[in-house]
J.: 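Dropping the structure in here first, questions after.
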Amino acid sequence: MIGADGAASRIREFLGIAATQYEYGQVAVICNVTPERPHDNRAFERMTPTGPCALLPHVGTRCGLVWCMPEAEADAVMALDDEAFLAQATSRAGTALGELVRCGQRSRYPLRRVVPERDRRDRVLLLGNAAHAIHPVGAQGFNLGLRDVAVLAELLADEAMVRGEALDPGADHLLRAYVDWRQPDRNATVGWSHDMVRLFASASPVTRLARSVALSAVGLSPGLKRRLASRAMGYRGRVPRLALGESLQRRWEAFS
């Protein structure tokens, strides 16, 4: 078995597509946890001096814990018994949902930014983790992959309405249209995630002060919060219909 990052690397290697990598020197320890109070489909993230720590809602009462830390700390955290691990995880994640009272099996993976030199080869597209790996700060990687799929689905649906049974999903013009559409969003999201990691990792007193002032301003301004949330959800430029909650066939029904 190989992890998602290893599988993506092998896919790119097979296709002859090189990629640039940036090592953050951090590890993400992940597991399922159960907090005292219901998550009500809310996600929480705290920025700590050693990296972000997030609780992401799962089915039922469980949450996904994503705890980022320096590589040097990971062995000790993985070796903790469940009681000690939950105590430390609660301290890092915060008590918005109360104490963390149960945890599942833990795993860890190194954090790096991976950007391929290109997203396509003859009749092949790279999507999701095969096309990009980013730091989990802000939990943007999964959303970015979903938008990849939404864009490809829309392009194929529109092409199918025009060409019917003659649809060729590997046609060069389709692959080029996908890359042209996705590149601005992908570049913006990868750059934003990278800048956020560097911003919150900075020990400079000036940077820390400016960061606190900026976060306070966002917290006090509903308009800024909405704008930040909108950008984090990928509502920039041309947004795919599925991301807007619309049917892929909706555009064509108006002309039928």
Side-chain angles (χ1 to χ4, degrees), residues 1 3-5 8 24 26-71 73-113 128-129 132-150 189-190 192-194 196-197 199-201 215 218-219 225-226 228-235 242-243 245:
M1 290 287 291
D5 188 45
Y24 288 106
Q26 292 183 337
V27 167
V29 173
I30 61 174
C31 67
N32 290 328
V33 296
T34 303
E36 285 183 312
R37 294 193 289 272
H39 53 67
D40 294 329
N41 295 315
R42 296 171 296 167
F44 299 86
E45 183 173 29
R46 293 185 75 193
M47 301 298 184
T48 77
T50 56
C53 188
L55 291 173
L56 308 175
H58 282 192
V59 174
T61 60
R62 295 184 305 164
C63 291
L65 173 71
V66 182
W67 180 359
C68 302
M69 63 191 69
E71 291 177 342
E73 297 180 9
D75 286 342
V77 170
M78 291 292 290
L80 293 172
D81 60 37
D82 284 355
E83 183 178 0
F85 176 81
L86 287 167
Q88 288 200 25
T90 298
S91 176
R92 289 298 178 95
T95 55
L97 296 177
E99 301 287 324
L100 302 179
V101 297
R102 188 179 301 118
C103 67
Q105 182 177 351
R106 296 167 232 165
S107 59
R108 56 188 278 184
Y109 63 93
L111 298 180
R112 58 175 63 97
R113 181 189 65 183
N129 286 343
H132 37 66
I134 62 177
H135 195 284
V137 61
Q140 290 301 297
F142 181 64
N143 293 338
L144 193 60
L146 287 180
R147 295 197 295 275
D148 286 349
V149 174
T189 303
V190 171
W192 178 86
S193 298
H194 186 65
M196 287 287 286
V197 175
L199 174 64
F200 283 95
L215 289 175
V218 170
K225 281 196 286 189
R226 285 194 298 270
L228 181 62
S230 178
R231 295 297 290 265
M233 290 187 287
Y235 294 150
L242 287 177

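Heavy atoms only: backbone and side chains are in, while hydrogens, waters and symmetry mates are out.
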J.: Does the side chain to side chain contact (heavy atoms under 4.5 Å, CB included) test come out yes or no for H194 and V197, once each step is laid out?
T.: CA-CA 5 Å; H194 186 65; V197 175; 5.6 Å; no
J.: Are the side chain of R102 and the backbone of R62 linked by a donor-acceptor contact shorter than 3.5 Å?
T.: no
J.: Please identify each residue that fulfils side chain to side chain contact (heavy atoms under 4.5 Å, CB included) with L242, with sequence neighbours left out.
T.: A150, A153, L248
J.: State the CD-CD distance between E73 and Q26, to the nearest 0.5 angstrom.
T.: 9.5 Å
J.: Could you tell me whether a side-chain N or O of R37 sits under 3.5 Å from a main-chain N or O of A96, the two making a donor and an acceptor?
T.: yes
J.: Rounded at 0.5 Å granularity, tell me how far CG in L100 sits from CG in L55.
T.: 6.0 Å
J.: First locate atom CG of N32, then atom SG of C63, and finally report the distance between them rounded to the nearest 0.5 Å.
T.: 9.0 Å
J.: Are T48 and M69 side-chain neighbours, meaning at least one heavy-atom pair lies under 4.5 Å?
T.: no
J.: Would you please test L144 and H132 for side chain to side chain contact (heavy atoms under 4.5 Å, CB included) and show each step?
T.: CA-CA 9 Å; L144 193 60; H132 37 66; 3.6 Å; yes
J.: To the nearest 0.5 Å, tell me how far R147 CZ sits from Q140 CD.
T.: 6.5 Å
J.: Considering non-hydrogen atoms only, spot the tightest contact between A93 and L65 and give its length.
T.: CB-CD1, 4.5 Å
J.: Which pair of non-hydrogen atoms, one from L80 and one from A84, has the smallest distance, and what is that distance?
T.: CD2-CB, 4.0 Å
J.: How about Y109 and L111: do any of their side-chain heavy atoms sit closer than 4.5 Å?
T.: yes
J.: Looking just at side-chain N and O atoms, do R113 and S193 make a donor-acceptor pair shorter than 3.5 Å?
T.: no
J.: Parallel, tilted or perpendicular, judged at 30° and 60°: which one describes the rings of Y24 and H135?
T.: perpendicular
J.: Grab the two heavy atoms, one from V66 and one from A28, that are nearest each other, plus how far apart they are.
T.: CG1-CB, 4.4 Å
J.: How far apart are the C-alpha atoms of E36 and T95, what are their side-chain angles, what is the distance that settles it, and do they pass the side chain to side chain contact (heavy atoms under 4.5 Å, CB included) test?
T.: CA-CA 9 Å; E36 285 183 312; T95 55; over 6 Å; no
J.: Between H39 (side chain only) and H58 (backbone N and O only), is there a donor and an acceptor less than 3.5 Å apart?
T.: yes
J.: Does the D40 side chain pair with the main chain of R42, one donor and one acceptor, at a distance under 3.5 Å?
T.: no
J.: Determine the minimum heavy-atom distance between C103 and L86, stating which atoms define it.
T.: CB-CD2, 3.7 Å
J.: I need the N129 CG to I134 CD1 distance, nearest 0.5 Å.
T.: 9.0 Å
J.: Indicate yes or no for a side-chain donor-acceptor contact from R106 to the backbone of F85 under 3.5 Å, with no hydrogens or angles considered.
T.: no
J.: Give the intermediate values and the outcome of side chain to side chain contact (heavy atoms under 4.5 Å, CB included) for residues T50 and C68.
T.: CA-CA 7 Å; T50 56; C68 302; over 6 Å; no
J.: Please report the closest heavy-atom contact between Q105 and C31, naming both atoms and the distance.
T.: O-CB, 3.4 Å
